[in-house]
Amino acid sequence: MRYGSAMGTHDHPATGVDLGYARVSTTKQHLERQLAALAQAGIGDDRIYVDKKSGATVDRPGLAALLAYARPGDTVVVQTLDRLGRNMREVLNLVHDLGEKGIGVRSLADPLPIDTAAEGMGRIAFLLLALFAEMERTFTAERAAHARAVAEAAGRRIGRPVAHADDTIEYARLLKGQGASLGQIAAKTGIPKTSLHRYLAEPAPANMPMGDA
């Protein structure tokens, strides 16, 4: 695992390799989920770069080291696209620059294959997927905030003491209402399928928005 250390001193394989990237805020995110997803995708620790900083932090030595090492034919693999940047524009700019260099990007949480180095429909599919992911995060945050406000106004605590955060469980219920499979929900929330069965079987708190607004 590389915390900003340069891999450029190592010989690069002749053929393209998958390079994992994980970014975490020390207060809001769980690095273990991203690392587990990358490991499950077959990426070894020596090919994973990590930044333990907020997305608002400009200085990201892990990403800088990854970009310095990556060569044409390589693929940058992340759990979700938002790990690559602070906002959609930054993510798209980075993916565009990588595509110009012949370096691909793959998101483990997104069901559709993305050919970021392609032109035409391949590039359009990626742009639409990134846009929808950004909108989903924004709307989910708004709905979760509304649900908390409604519960607090009624003097209730959302949910009950559980191993996973209330907002994460709310997000899982929202995804279920949108028709996502258990596998997709588990990938996006980090909640194991065994726990999802229990959480999703429980009734959502009254007045909690589900599905589209």
Side-chain angles (χ1 to χ4, degrees), residues 1 18 20-43 45 48 50 52 54-55 76-84 88 91 105-114 125-126 128-152 154-213:
M1 194 178 307
D18 286 347
Y21 178 67
R23 176 177 59 80
V24 66
S25 164
T26 56
T27 59
K28 294 183 179 180
Q29 302 289 336
H30 298 283
L31 184 62
E32 292 77 10
R33 296 175 185 172
Q34 298 178 54
L35 295 180
L38 293 172
Q40 188 174 5
I43 303 176
D45 285 348
I48 296 177
V50 172
K52 283 190 172 182
S54 167
V76 177
V77 183
V78 291
Q79 184 185 25
T80 56
L81 289 174
D82 63 334
R83 297 300 84 200
L84 288 175
M88 184 172 65
V91 172
V105 173
R106 181 159 59 96
S107 168
L108 298 176
D110 294 313
L112 297 178
I114 305 169
F126 170 75
L128 290 176
L129 185 59
L131 176 61
F132 293 154
E134 182 80 5
M135 292 170 61
E136 180 182 61
R137 285 190 295 273
T138 300
F139 293 153
T140 298
E142 292 174 352
R143 289 165 179 157
H146 173 71
R148 287 193 300 270
V150 170
E152 290 171 0
R156 298 192 308 272
R157 178 187 180 278
I158 299 177
R160 57 181 174 81
V162 291
H164 298 89
D166 292 330
D167 286 355
T168 304
I169 297 173
E170 293 171 23
Y171 185 25
R173 288 175 175 146
L174 175 64
L175 293 173
K176 178 186 178 185
Q178 294 175 341
S181 68
L182 282 181
Q184 292 169 341
I185 296 174
K188 287 179 179 291
T189 63
I191 301 176
K193 290 183 181 180
T194 52
S195 298
L196 279 174
H197 281 293
R198 183 175 73 256
Y199 295 147
L200 298 180
E202 297 172 352
N207 298 323
M208 178 176 295
M210 297 292 292
D212 295 335

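Across all their heavy atoms, K52 and L31 have their closest contact at CE-CD2, 3.4 Å. Residues Y21 and V78 share a closest heavy-atom pair of O-CG1, 3.6 Å. Residues A172 and I185 approach most closely at CB-CG2, 3.7 Å, considering heavy atoms. Closest of all the heavy-atom pairs between H197 and L182 is CE1-CD1, 3.3 Å. Nearest heavy atoms, L35 versus A22: CD2-CB, 4.2 Å. Here the closest non-hydrogen pair linking T189 and Y171 is CG2-CD2, 3.9 Å.
Here CG of L175 is found 9.5 Å from CD1 of I191. Values are rounded to the nearest 0.5 Å. For the atom pair I169 CD1 and L196 CG, the distance stands at 9.0 Å (nearest 0.5 Å).
Between the Q34 side chain and the R23 main chain, a donor and an acceptor come within less than 3.5 Å of each other. Without hydrogens or angle criteria, R83 side chain to V77 main chain gives no donor-acceptor distance under 3.5 Å. Side chain of Q79 to main chain of A36: no donor-acceptor pair is present (N/O by atom type, distance under 3.5 Å, no hydrogens or angles).
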Verify side-chain contact (heavy atoms from CB on, under 4.5 Å) between V91 and V105, making sure each step is shown before the conclusion. CA-CA 11 Å; V91 172; V105 173; over 6 Å; no
Going through the checks in order, is the side-chain contact (heavy atoms from CB on, under 4.5 Å) test met by L38 and D18? CA-CA 10 Å; L38 293 172; D18 286 347; over 6 Å; no
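With sequence neighbours left out, S181 forms a side chain to side chain contact (heavy atoms under 4.5 Å, CB included) with Q184.
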